[in-house]
Amino acid sequence: MVQSSQLALNIKNFFIEIGELAYFSSRFFRELFSKPFEFKELLRQCYNMGNKSLGLVLITGFIIGLVLTIQTRPTLEQFGAESWMPSMVSISIVREIGPIITALICAGRIGSGIGAELGSMRVTEQIDAMEVSGTNPFKYLVVTRVLATTLMIPILVFFGDTMALYGSFLVENLNGDVSFFLYFDKVFHAIEYSDLLPATIKTFFFGYAIGLVGCYKGYYCEKGTVGVGIAANSAVVYTSMLLFIIDFIAVFITDIFI
Amino acid sequence: MLEEISNITPKFNSEIKTILEIKNLKKSFGNNQVLNGFNLELNEGENLVIMGKSGSGKSVMIKCLIGLIEPDSGSIRVMGQEITTLNQTQFDKLRSEIGFLFQGSALYDSMTVRENLEFPLRHHKERFEKNLDTTAFVEEALTNVGLLHAIDLMPSELSGGMKRRIALARTLILKPKIILYDEPTSGLDPITSKEIIQLMKNIQKQYKTSSLIITHDVDCARVIANRMILLIDGINYVEGNYDTLKNSSDEKVKAFFK
Amino acid sequence: MRKTSDEKLKLGLFVIIGLLLFTVAIYLIGERQNLFGKNDLISVKFSNINGLKKGNNVRYSGINVGTVESISMLNDSIIKVDLLIEKTMITHIKKDAIATIGTDGLVGNMLVNIIPGKGKETSVKAGDFIKSYTKIGADEMLNTLNVTNENAALLTVDLLKITNSINQKKGTLGMLINDSITSNDIKKIIINLQKTSYNASKTMDALTTKIESINLNESVAGILVNDKAQAQKVKNIIANLERSSQNINTTLDSINKTIQQIKNGKGAVNYLSTDEEFAKNLDQTIKNLNEGTYKFNQSMDALKHNFLLRGYFKKLAKEQEKVEKERLKK
């Protein structure tokens with residue numbers, strides 16, 4: 001009995017959270033289109049999220065491309081279809097692996113960062129201080145960050161994809177003496193707009209989710225240092241979950257229309 | 001030293017003007033009735049100290065004043081304007097006349113001291129001429145708190161007392177008519193506390209501000225208060241100057257001065 | 001202040017490089033789908049496009065010259081495929097070029113192959129229709145030919161064996177016929193023969209139809225001739241056919257001999273003639289076989305007259321002449 005009521009409470013809390021997140025999201029759009037616009041802070045956040053995540057994304061992308069190719073090669077070799085390697089790897093990278101891996105990495109780095117930063121700002125009354133000094137903290141902190149992730153994640157994904165393809169090329173080159181131009185000719189022969197564009201649109205939503213959940217968790221952080229930890233942690237967990245849900249929906253929609 | 005400070009008393013105008021007025025303020029969180037009909041009047045140029053136990057609702061009251069918490073009922077008039085009827089722009093404008101010193105200083109961690117001080121200015125530039133030289137303002141405020149050398153340091157490089165002084169400088173930079181101090185000496189050692197109190201007095205003299213000081217530090221109250229209000233059980237339990245309250249026979253009042 | 005302008009520079013670089021990567025990708029993909037540059041549209045009508053999709057490549061003599069722009073049904077059996085061809089390549093495509101649908105490798109994408117015509121016609125212009133040929137039919141045909149061939153070869157080998165044994169061992173004939181088990185076996189063989197020869201004649205029919213369909217579209221022959229692998233396949237088939245037909249001829253000869261002998265024979269004739277059914281079966285078999293070979297010969301004729309194989313037969317005739325000459329010399 002106790003357990004079932006606990007479960008009911010958890011479910012209720014879950015829906016409350018979803019509702020709050022939806023409200024938070026709608027507030028984001030309301031504030032996004034009202035003046036003033038914190039352009040300078042947006043640039044700063046873009047720099048923090050874009051440039052500073054670049055190294056991580058490049059390394060991860062490179063390794064993923066490398067590993068994917070090394071793992072797939074034996075199977076294709078059995079069919080004598082090594083020449084299909086570039087097309088196969090490139091499609092899986094561009095459609096799925098590049099976006100989701102980059103987004104997950106950024107959820108870990110940026111999402112938790114936002115959660116912790118806003119959380120500690122809330123706890124140490126910095127958000128209140130901002131409000132008092134006439135700056136709308138939602139605009140200054142949340143809008144800029146969510147916008148920055150929404151804009152930066154797609155660009156990071158381009159970098160990640162490129163690096164993954166390059167990693168894949170290296171393996172091919174070492175194994176089969178495939179030239180750079182042949183490899184990328186094959187890659188771009190295999191990829192179509194119907195691969196690249198839905199995947200790119202998807203990444204905007206990924207970025208939006210990372211920023212939104214991170215900000216939501218941080219902005220409504222509970223008091224105390226424990227609250228900050230929870231905010232950072234749950235930001236990553238919720239974001240990762242949300243990323244897969246968005247990915248599922250995106251694939252579903254792509255499948256229907258293309 | 002302390003005696004000296006206590007001798008410095010603000011000059012009162014012949015006509016006493018109420019700059020801030022709270023009537024019948026009520027606020028509850030869930031079942032917890034924190035403020036239950038609180039009344040307050042702050043006269044121009046006065047240092048009003050509000051004392052109360054922690055959790056008695058001092059911070060809630062002061063946050064209602066500045067719009068960080070919305071009261072359940074009651075009237076708050078600041079310089080003749082009822083804040084609950086103002087729109088955001090009007091309220092922001094009014095708020096620029098009110099300085100707020102946060103309990104934990106609430107300096108923006110991600111910004112240098114200079115940026116911290118510039119922050120309130122950027123949103124209240126309309127109060128000054130258009131191409132405002134913020135550097136002069138920042139330097140002036142920092143000189144007032146004696147920390148000009150710290151202008152390019154990050155808040156993490158400052159000691160607690162320095163942070164508090166920088167926070168005070170940030171509050172002063174808009175040259176507010178009213179300053180609200182939320183526990184100005186909390187978390188500081190006695191010597192630093194005295195320095196801060198001294199600073200508060202100097203500022204008052206220099207800028208001719210009215211101050212509302214929330215504290216549970218009796219020494220602080222003794223030095224700075226022109227008038228005191230004890231907040232007990234959510235109401236303004238007793239009012240008077242330091243000496244009258246200290247000699248009160250009421251048990252609840254006596255508890256503060258042991 | 002210095003720091004922020006530095007940050008701005010880096011951010012700008014980051015964004016520009018990122019967007020550049022994206023633009024390059026967009027351009028490279030687009031280039032391969034001929035979205036940029038100058039293109040002309042020509043159309044082909046197919047009856048079966050075998051899973052061809054918008055965006056598939058178009059090749060002319062193996063060079064990528066364009067992409068499939070759109071696919072639409074004109075009526076219940078004709079599909080119009082619009083091909084986007086690069087302007088620089090379109091002058092090389094003549095009006096008698098033929099479009100076929102093929103695959104890129106064993107498991108690759110579908111593509112449209114344009115096979116050059118004889119080159120006498122003028123170049124196609126935007127909006128023109130070029131002829132199509134559904135290559136799938138050709139594949140099918142070749143497969144059927146092969147099967148037919150194999151069947152024919154097997155049949156003739158069996159027949160040869162039987163007739164040879166009958167011919168060579170005259171003495172055993174009576175014994176064979178007297179032996180009821182053996183005669184039953186022979187009966188069975190003959191029944192089988194009948195069935196086989198019936199099948200043979202049926203496959204011959206199919207073969208003839210196929211070959212006639214080749215004749216219908218002379219230009220298509222060009223495809224097959226140009227396609228080396230296909231040509232080799234056809235050559236093999238024809239060699240087999242030749243062999244089989246020779247075998248069948250020998251078999252028929254020997255069967256005829258045997259029948260003659262049986263007819264002229266004494267003891268055996270009585271036995272055979274009394275068994276009416278057996279005789280009938282045997283007759284039918286021979287009839288079928290004859291019919292089969294007739295049709296076979298017809299097919300061979302058709303093949304010989306075929307543009308595509310004319311060269312081959314000429315070569316064959318030449319070789320025969322050569323052999324004949326050599327023999328004469330000796």
Side-chain angles (χ1 to χ4, degrees), chain A residues 39-55 57-58 61 76 79-81 83-84 87-88 90-91 93-94 98 102 148 151-166 181 184-197 199-200 203 258, chain C residues 1-37 39 51-59 62-71 84 86 102-112:
Chain A
F39 191 69
K40 242 178 144 177
E41 176 66 8
L42 175 71
L43 287 186
R44 210 167 79 141
Q45 291 305 327
C46 284
Y47 176 78
N48 275 341
M49 288 161 188
N51 288 49
K52 299 220 170 137
S53 309
L54 185 60
V57 167
L58 287 182
L76 282 186
F79 293 108
S83 63
W84 282 88
S87 349
M88 214 202 90
S90 62
I91 287 178
I93 285 173
V94 168
T102 310
L151 296 176
M152 288 298 110
I153 298 296
I155 294 179
L156 284 170
V157 170
F158 300 150
F159 277 102
D161 282 359
T162 311
M163 212 56 197
L165 287 177
Y166 186 72
F181 288 104
F184 281 93
D185 189 65
K186 279 186 169 180
V187 164
F188 287 111
H189 222 103
I191 308 172
E192 288 172 11
Y193 284 146
S194 58
D195 296 318
L196 183 65
L197 297 184
T200 307
T203 56
I258 294 169
Chain C
M1 287 297 120
R2 176 104 206 101
K3 195 178 141 208
T4 49
S5 69
D6 213 42
E7 277 180 6
K8 273 183 196 159
L9 177 75
K10 281 184 194 161
L11 180 66
L13 276 177
F14 170 78
V15 171
I16 284 167
I17 293 171
L19 292 180
L20 212 64
L21 288 174
F22 183 66
T23 330
V24 166
I26 287 282
Y27 176 76
L28 286 176
I29 297 169
E31 196 198 14
R32 276 156 184 77
Q33 294 192 358
N34 294 322
L35 294 185
F36 312 116
N39 300 299
L52 189 76
K53 277 189 301 183
K54 195 184 162 193
N56 278 141
N57 284 319
V58 177
R59 286 196 185 148
I63 308 168
N64 283 331
V65 292
T67 50
V68 174
E69 170 70 7
S70 68
I71 293 166
L84 208 58
E86 287 168 30
T103 50
D104 186 7
L106 198 60
V107 283
N109 288 322
M110 301 308 292
L111 50 80
V112 176

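By convention in this document, chain letters (A, B, ...) are assigned in the order of the sequence lines, proteins followed by strands, and residues within each chain are numbered from 1. The analysis underlying the following values was restricted to heavy atoms, covering all of them including side chains, and did not include hydrogens, waters or symmetry mates.
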Rounded to the nearest 0.5 Å, what separates atom [atom1] in [X] from atom [atom2] in [Y]?
X	Y	atom1	atom2	answer
A:Thr162	C:Leu21	OG1	CG	4.0 Å
C:Ile26	A:Thr200	CD1	OG1	6.5 Å
A:Ile155	C:Ile16	CD1	CD1	10.0 Å
C:Asn64	A:His189	CG	NE2	5.0 Å
C:Glu7	A:Asn48	CD	CG	6.5 Å
C:Ile17	A:Phe158	CD1	CZ	13.5 Å

Please flag which part of [X] lies under 4.5 Å from any non-hydrogen atom of chain C: side chain, backbone, both or neither.
X	answer
A:Leu197	side chain
A:Asp161	neither
A:Ser87	neither

* Asked: Taking the six-membered ring for Trp, are A:Tyr47 and C:Phe14 ring centroids under 6.0 Å apart?
  -> no
* Do you know the tightest heavy-atom contact between C:Lys8 and A:Leu43? -> CE-CD1, 4.0 Å
* Structure fact -> Note: vs chain C, highest number of non-hydrogen pairs under 4.5 angstrom among A:Val187, A:Asp195, A:Asp185 is A:Asp185
* Measure the shortest side-chain to side-chain distance between C:Val15 and A:Met152 over non-hydrogen atoms and say whether it is less than 4.5 angstrom. => yes
* Going through the checks in order, is the side-chain contact (heavy atoms from CB on, under 4.5 Å) test met by A:Leu196 and C:Phe22? -> CA-CA 9 Å; A:Leu196 183 65; C:Phe22 183 66; 4.0 Å; yes
